[in-house]
Number of protein chains: 2
Amino acid sequence: MARARSPEKRTAILEAAIEEIATSGLGAATAKIASRAGIASGTLFTYFPTKDDLLNELYLYLKLQVYARLNAGFPPKASLERRAWHIWSSYLNWSIEYPKHRNVSTQLHVSNIVTPETNRKVAQQSTVIARTMEEVAALKGMKELPGEFASALMSSLQEAAMDTIALHPKQRDEISRQAFKAYWRAVR
Amino acid sequence: MARARSPEKRTAILEAAIEEIATSGLGAATAKIASRAGIASGTLFTYFPTKDDLLNELYLYLKLQVYARLNAGFPPKASLERRAWHIWSSYLNWSIEYPKHRNVSTQLHVSNIVTPETNRKVAQQSTVIARTMEEVAALKGMKELPGEFASALMSSLQEAAMDTIALHPKQRDEISRQAFKAYWRAVR
DNA sequence: AATAAATGAGCAACCGCTCACTCATTATTG
DNA sequence: CAATAATGAGTGAGCGGTTGCTCATTTATT
């Protein structure tokens with residue numbers, strides 16, 4: 001046996017990538033990512049064989065972080081509206097707390113770097129939330145629409161809320177609550 | 001005077017850029033864009049001094065195209081719901097008809113290449129629509145929220161509809177109508 | 001004849017990635 | 001319990017290729 005790979009360095013690379021991509025876009029140089037992570041340029045490739053692999057793992061990393069947040073404190077026995085509110089507010093707060101993370105996440109989402117394989121892995125990690133969203137999709141307002149629409153609607157409404165909060169940061173909580181109300185009206 | 005610059009070549013470059021960026025991302029090479037447009041690599045720079053200029057003008061080009069579509073056939077005296085529906089359906093149909101254009105548009109939107117200057121120019125071109133959206137923003141459901149929220153909500157809801165239509169292309173019209181109903185419920 | 005568009009070879013800068021090498025860490029010996 | 005062998009992480013100069021952009025030259029338009 002020899003030296004073990006350090007998980008700290010791995011996450012340092014991922015965090016450095018977020019920072020670099022947030023400012024320079026997906027064309028951010030691997031060398032810059034490495035130097036920001038405090039390692040040599042070559043070392044990056046012992047953790048991630050190619051840049052595309054790094055970006056895919058980064059996408060996974062960001063998504064899992066969000067899901068971890070959603071699962072924390074999830075009230076499984078509360079009413080549907082309260083559970084939906086939990087999902088709503090945890091995600092929105094994460095997006096506001098880590099705007100760079102969210103920016104990189106959407107850059108990767110729009111690009112065609114993320115493989116179906118990666119998307120599959122992401123989908124596997126959301127069972128509790130997925131079930132709640134299924135219940136929402138069965139409500140009157142969503143009945144005539146395909147099942148995924150309720151989730152797509154929530155994430156898109158959150159984007160709208162984010163954009164608005166960015167312009168009126170002081171009204172953050174009020175906007176969050178009112179926007180959820182609008183969501184619930186649309187869905188019911 | 002001498003030889004005039006050809007508007008056809010200009011739009012050929014813009015259309016080629018859309019094609020290249022849709023497949024290779026914003027890192028698409030200017031040389032490839034030029035060759036797809038049927039011109040020499042250097043000629044691109046007599047039309048656009050830098051790549052960033054090209055991308056900014058491309059963003060403007062895409063946005064103006066959408067607004068032209070929205071203004072065509074706009075019923076200024078119809079009910080608010082019908083006017084909102086016109087905006088909704090024309091934009092959605094454009095997005096479905098030109099998926100690459102929309103993809104490039106959102107890539108540019110997420111990147112930080114688009115300057116405030118460009119965004120200002122875009123905002124100037126939407127007076128009729130802007131006025132309708134102001135009326136929507138005054139409705140009960142949007143009263144407690146900042147003015148921009150109603151538009152942000154529409155465009156984000158359209159994104160949700162687009163994603164869903166991509167998965168169920170046959171139900172396109174039904175999804176479009178139902179999603180608008182959901183929007184109207186949220187807004188009223 | 002005068003002007004400016006069009007060309008494409010060429011340039012410096014930068015890209016992702018490799019590779020020969022050093023070194024930290026562990027397992028295996030006597 | 002040393003001494004040593006085996007392993008693979010860590011390094012950074014450097015490679016082949018690509019990038020955005022320039023510029024001497026040619027070509028088309030007035």
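Sequence lines set the chain letters: A, B, ... in the order given, protein chains first and strands last, and positions in each chain run from 1. Just so it is clear, the values below take in all heavy atoms, side chains as well, and ignore hydrogens, waters and symmetry mates.
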If you restrict it to nitrogen or oxygen atoms, what contacts under 3.5 Å exist between nucleotides 15-17 of chain C and the protein, and what is each distance?
residue	atom	partner	partner atom	Å
C/dG16	OP1	A/A28	O	3.2
C/dG16	OP1	A/T30	N	3.4
C/dG16	OP1	A/K51	NZ	2.9
C/dG16	OP2	A/T30	N	2.9
C/dG16	OP2	A/T30	OG1	3.1
C/dC17	OP2	A/K51	N	2.7

Interatomic distance where [atom1] belongs to [X] and [atom2] belongs to [N] [whole Å]:
X	N	atom1	atom2	result
A/I33	C/dC14	CD1	C1'	14 Å
B/E8	C/dA5	CD	P	15 Å
B/L55	D/dC21	CG	C1'	14 Å
B/R5	C/dA6	CZ	C1'	12 Å
A/F48	D/dA9	CZ	C1'	14 Å
A/I13	D/dG10	CD1	C1'	11 Å
B/L44	D/dC21	CG	P	9 Å

Ionic contact status for [Y] with [X], cut-off 4.0 Å:
X	Y	answer
B/E144	A/K181	no
B/E81	B/R188	no
A/R131	A/E134	no

Where do N or O atoms of nucleotides 20-22 of chain C meet protein N or O atoms at under 3.5 Å, pair by pair?
none

>> Taking atom types as they are modelled, would you say the side chain of B/R3 forms a donor-acceptor pair with the base of D/dT30 within the 3.5 Å cutoff?
In response: no
> Under the 3.5 angstrom rule, does the side chain of A/T164 hit a backbone N or O of A/A160 as a donor-acceptor pair?
Replying inline: yes
>> Do B/H86 and B/P75 have side chains that approach each other closer than 4.5 Å (heavy atoms only, starting at C-beta)?
In response: yes
> Is any side-chain heavy atom of A/N103 closer than 4.5 Å to a side-chain heavy atom of A/I21?
Replying inline: no
Can you check whether [X] has a side-chain N or O nearer than 4.0 Å to OP1 or OP2 of [N]?
X	N	result
B/T46	C/dA6	yes
A/T43	D/dT11	yes
A/Y47	D/dA9	no

> Side chains of A/T46 and A/T43: donor-acceptor distance under 3.5 Å anywhere?
Replying inline: no
> Only one of B/E20, B/E19, B/E15 forms a side chain to side chain donor-acceptor pair (under 3.5 Å) with B/R36, so which one is it?
Replying inline: B/E20
> After noting the C-alpha distance and the side-chain angles of A/H168 and A/E174, does the key distance pass the side chain to side chain donor-acceptor pair (under 3.5 Å) rule?
Replying inline: CA-CA 10 Å; A/H168 310 273; A/E174 175 70 4; over 6 Å; no
> When we call it a touch if two heavy atoms are under 4.0 Å apart, what does B/I39 touch: a base, just sugar-phosphate, or nothing?
Replying inline: sugar-phosphate
